[in-house]
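The structure is given below, and queries will be raised subsequently.
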Amino acid sequence: MRLSQLFSSTYREDPAEAQTISHKLLLKAGMIRPLGTGIYTYLPLALRSLHKVMAIIREEMDRIGGQEILMPVMNPAELWMETGRYESIGSELVRFHDRAHRPMVLAMTHEEVVTDLARREIKSHRQLPFMTYQIQTKIRDEPRSRGGLLRVREFHMKDAYSFHADYADLDRYYPRVYDAYMRIFERCGLKPLAVEADTGMMGGSGSHEFMCLVESGEDTVVWCDKCGYAANAENATSREPLFQMDPQELDPEEVATPDRESIQDVAEFLGVPTSRTMKAVFYNAGGNLVFVVIRGDIEVNEIKLGNYLRTTELTLAGPDLLEKHGIVAGYASPMNLPESVRIVADRSVGWGNNFIAGANKPGFHIKNFNLSCNPRITDVVDIGTVRSGDLCPRCENGILTLGRGIELGHIFKLGTKYTDAMNVDYLDDDGQRNRVIMGCYGIGVGRLLSAVIEVHHDENGIIWPRSVAPYDLHLISLDAGSEDLRAETEKLYGELQAAGLAVLFDDRDESPGVKFNDADLYGLPLRVTLSKRSLKKGGVELKLRASKDIEIAPLNQAVGFVRAILDATNLV
RNA sequence: CGGGGCGUAGCGCAGCUUGGUAGCGCGCCUGCUUCGGGAGCAGGAGGCCGGAGGUUCGAAUCCUCUCGCCCCGACCA
């Protein structure tokens, strides 16, 4: 491809709207252009990379027996009503009516469609197991898109669905998908961390997310430095920490704590660490007040709490709701609570005794709060947020670390959530009717591309791994008007292409500085420069984008050198 | 949906406080010169100042409403 013909233009300055590195570079390098919030056009360079990622995905999915299909984006709402998701999913599901006034949706995922398909096709156990996948546009009217391609409202997802006769078969297949996922990401130049994940609105019995650890990631992940434990912070847990226990429980007594409402203030005022306090956090769970008791130094994990309460409608309770139950904000007490309030305690209430807690009276707290003070505290569960430095729940000496990650993919053991809702059965070899078991597996393709840039770049631009680079090499002609030199470069361009290499040829009448800077920005793996100076040095200059070193190859052997270098750097 | 920020030429921005119908840098076009890390000179094109309404003799500038974009939070395969 001649750069003079390429439909793309670079920016000299960083686009103001972009914050994350990949967003900046994708715009700056002329790879994507925005159409609206979270909606982008892929220009030729980005599309070539996207296609390479897709090709890798297809190879790996085919390798584990996947069969590619393509399902519709436009779905009758009826299907989604069948599984209940038409109602349960919020406005990120785009709903509309067709010309005949039938309710329709734009698919944000394809469990409904594929499960319906399966129920029409599956008759016998002989057809099981199988796995279908597609790479299809997904529409999600995200409440908040951001970060360029990292989180968008219309995107490409590889989604796969496997169907099994029993759980054992799903359990056997699931690790194969896991391995295929690792291969896909590694082939794209990423080394993701697979973490145990919350299943969210998808449901199911187990799931893993594949996290690319970078600062710009939206998720918090937790991992152990000793064993393999890794989890999304949403559902991570830790082992009981070391804590102080007084030899005996004392009787509670009130202490004056004027104008000290936050745990921090109270602890400082009374001269105790926050771990010796018990704090109260109120939630509105679908209109009901829930009182959460948790040790003062630990944060409530709302995902865990929501899972425990089996609700997705969970917000901090407003003053109205508190007042209604006669609770004094800032001094709320886990003692003497009205019967109307549900109490949920984090397991950390057992990590110590004689705590400081609220007195439910402005300006007062109580000393020596113990679990025995309130017999109504019976729900003691793990709803705390894991902190960096906490002890690993799985091994002896491990310490947990927290980091940020981009969710590249997510795999689920769905079980029968959808096959139950849609009655998908098969006949076993005894002629008995059995429920089909499902797994589902997603990868965000554009997000994966963004993640590659987040990981592979420097201050001058992208540094593509060859596997997903839009072209293999960037050929620069510094002919300065010399027709001979130009002819040599044209000849080399032809030879490189004839050798099967994908070449981006900067044939523009631009100054060397512009060409070098654009080459760095585009970030193709290898830069090949032909100029008066390079000829004087003995041929053409070869420079890897990822390295500072420059090698000279004789002009008549340039193609061989290029191939050798590219092949040697094939794996990034 | 809450909180914050921003909409002026393709990109980055100034002008707005103190109203007088728009400017800078880069990019773009033409010519000449130049040619190894974003060249020089000369000439040129390009903007209903996001939109609507209002105040005013007069609005990019003041007021009201609205739309869009970005960030944080809520939310979220």
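Here is how names work: the chains are called A, B, and so on, in the same order as the sequence lines, proteins then strands, and each is numbered from 1.
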query: Side chain of A:Ala16: nearest nucleotide among B:C13, B:G38, B:A74?
result: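 Among B:C13, B:G38, B:A74, the one nearest the side chain of A:Ala16 is B:C13.
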
task: Could you work out the separation of B:C67 and B:A52 based on their C1' atoms and round it to a whole Å?
output: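 Each nucleotide's C1' atom is 10 Å from the other's.
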
message: Under 4.0 Å from OP1 or OP2 of B:G27: is there any side-chain N or O of A:Arg12 that close?
response: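 Yes, A:Arg12 has a side-chain N/O under 4.0 Å of OP1/OP2 on B:G27.
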
task: Could you pick out which residue, A:Thr20 or A:Tyr161, lies toward the 5' side of RNA chain B when each is mapped onto its nearest nucleotide?
output: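 By nearest-heavy-atom nucleotide position, the 5'-most residue is A:Thr20.
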
- prompt: The side chain of A:Gln19 lies closest to which of these nucleotides: B:G37, B:C71, B:A39?
  reply: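 Between B:G37, B:C71, B:A39, the one nearest the side chain of A:Gln19 would be B:C71.
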
Ionic contact status for A:Asp549 with A:Lys543, cut-off 4.0 Å: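 The answer is no: the pair does not qualify as a salt bridge.
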
- request: Using atom CD of A:Glu142 as one end and atom C1' of B:G73 as the other, report the distance to the nearest whole Å.
  value: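 My rounded result for the distance is 15 Å.
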
- request: Scan every strand shown for a Watson-Crick or G-U wobble partner of B:G31, both distances under 3.5 Å, and answer none if you come up empty.
  value: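 B:C41 - that is the nucleotide pairing with B:G31, both distances being under 3.5 Å.
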
task: If B:G10 has a Watson-Crick or G-U wobble mate with both distances under 3.5 Å, name it; if not, just say none.
output: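 Across any shown strand, B:G10 pairs with B:C26.
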
task: Provide the distance between the two P atoms, one in B:G73 and one in B:C49, to the nearest whole Å.
output: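 Straight-line distance between the two P atoms is 36 Å.
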
- request: Identify, between A:Arg153 and A:Ser534, the residue whose nearest nucleotide on RNA chain B lies closer to the 5' end.
  value: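 This one resolves to A:Ser534.
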
Any N/O donor-acceptor pair, A:Arg527 side-chain to B:G37 base, under 3.5 Å: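 Answer is yes: a donor-acceptor pair is held.
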
query: On a whole-Å scale, what distance lies between the P atoms belonging to B:C62 and B:U8?
result: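 The answer is 16 Å between these two P atoms.
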
message: So for atom CD, which belongs to A:Glu78, do other residues, nucleotides or ligands contribute more than 12 heavy atoms lying within a distance under 6.0 Å?
response: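 Result for CD/A:Glu78: open.
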
task: Could you measure between the two P atoms, the one in B:G51 and the one in B:U61, and give it in whole Å?
output: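 Roughly 10 Å separates the two P atoms.
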
Pairwise C1' distance, B:U66 and B:G7 [rounded to whole Å]: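 The same atom, C1', in both gives a distance of 14 Å.
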
- prompt: For B:U61, which nucleotide in any strand shown is its Watson-Crick or wobble partner with both distances under 3.5 Å?
  reply: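 Pairing partner, where one exists within any strand: none, as none qualifies.
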
- request: Taking atom C1' in both B:C32 and B:C6, compute the distance separating them and give it to the nearest angstrom.
  value: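 Nearest-Å result for B:C32 against B:C6 at atom C1': 43 Å.
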
query: How is A:Glu209 classified with respect to the nucleic acid when contacts are heavy atoms under 4.0 Å: base, sugar-phosphate, or nothing?
result: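 Answer is nothing: A:Glu209 stays at 4.0 Å or more from every strand.
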
query: Looking only at N and O atoms, is any donor in the side chain of A:Glu13 or the base of B:G25 less than 3.5 Å from an acceptor on the other one?
result: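 A donor-acceptor contact between them is present.
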
All N/O donor-acceptor pairs, side-chain side in residues 30-40 of chain A, below 3.5 Å, sequence neighbours left out:
| from | atom 1 | to | atom 2 | distance (Å) |
| --- | --- | --- | --- | --- |
| A:Arg33 | NH1 | A:Leu27 | O | 2.8 |
| A:Arg33 | NH2 | A:Ser9 | O | 2.9 |
| A:Tyr40 | OH | A:His23 | NE2 | 3.1 |

message: Using the rule given for side chain to side chain contact (heavy atoms under 4.5 Å, CB included), can you reason through A:Glu92 versus A:Arg153, listing the C-alpha separation, both sets of side-chain angles and the distance that settles it, and then say yes or no?
response: CA-CA 9 Å; A:Glu92 58 266 34; A:Arg153 297 195 292 168; over 6 Å; no

message: Using a strict threshold of under 4.0 Å (side-chain N to carboxylate O), is an ion pair present between A:Arg146 and A:Glu218?
response: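 A:Arg146 and A:Glu218: salt-bridged.
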
Complementary nucleotide for B:C69 - Watson-Crick or wobble, under 3.5 Å: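 B:G5 - that is the nucleotide pairing with B:C69, both distances being under 3.5 Å.
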
- request: With heavy atoms under 4.0 Å as the rule, sort A:Glu17 into base, sugar-phosphate or nothing.
  value: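 Sugar-phosphate, backbone atoms only, no base.
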
message: Taking any heavy-atom pair under 4.0 Å as a contact, classify A:His110: base, sugar-phosphate, or nothing.
response: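 Result for A:His110 = base.
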
message: With rounding to the closest Å, how many angstrom separate the P atoms on B:U17 and B:G31?
response: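 The same atom, P, in both gives a distance of 44 Å.
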
query: Could a donor-acceptor pair under 3.5 angstrom be found where the side chain of A:Asp14 meets the base of B:G12?
result: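 Answer is no: no donor-acceptor pair is held.
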
- request: Counting Watson-Crick and G-U wobble pairs only, both distances under 3.5 Å, name the nucleotide matched with B:C49, or none.
  value: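 Answer to the pairing question: none, since B:C49 forms no Watson-Crick or G-U pair.
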
message: Below 30° counts as parallel, above 60° as perpendicular, anything between as tilted: where do the rings of A:Tyr441 and A:Tyr173 land?
response: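 Plane angle over 60°, so perpendicular.
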
message: Between A:Arg545 and A:Asp458, is the salt bridge (Lys or Arg N to Asp or Glu O under 4.0 Å) condition met? List the steps.
response: CA-CA 10 Å; A:Arg545 176 65 179 84; A:Asp458 64 14; 2.8 Å; yes

- prompt: Of the nucleotides B:A74, B:C70, B:G38, which one has an atom closest to the side chain of A:Thr10?
  reply: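 Of the candidates, B:G38 comes closest.
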
message: Taking 4.0 Å as the cut-off, does a side-chain nitrogen or oxygen of A:Ser511 come that near to OP1 or OP2 on B:G38?
response: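 Indeed not, no polar side-chain atom of A:Ser511 lies that close.
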
- request: Please work out if A:Ile39 contacts a base, only the sugar-phosphate, or nothing of the nucleic acid, heavy-atom cut-off 4.0 Å.
  value: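 Contact class for A:Ile39: none.
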
query: Given B:G38, B:G12, B:G37, which nucleotide is nearest the side-chain atoms of A:Phe516?
result: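 When the side chain of A:Phe516 is considered, B:G37 is the closest of B:G38, B:G12, B:G37.
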
message: Side chain of A:Arg151 only, heavy atoms from C-beta on: which candidate in B:C35, B:C75, B:G12 is closest?
response: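 The answer is B:C75.
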
- prompt: Counting side-chain heavy atoms from C-beta on, which of B:C13, B:G38, B:C70 comes nearest to A:Asp518?
  reply: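 That would be B:G38.
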
- request: Look at the side-chain N and O atoms of A:Ser9 and state whether any lies under 4.0 Å from the OP1 or OP2 oxygen of B:G10.
  value: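 Negative; the distance criterion is not met.
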
query: How far, in whole Å, is B:A22 from B:A14 if one measures between their C1' atoms?
result: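 One C1' to the other, the span is 11 Å.
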
task: Between B:C75, B:G68, B:A39, spot the one nearest the side chain of A:Thr37, thanks.
output: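 Between B:C75, B:G68, B:A39, the one nearest the side chain of A:Thr37 would be B:G68.
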
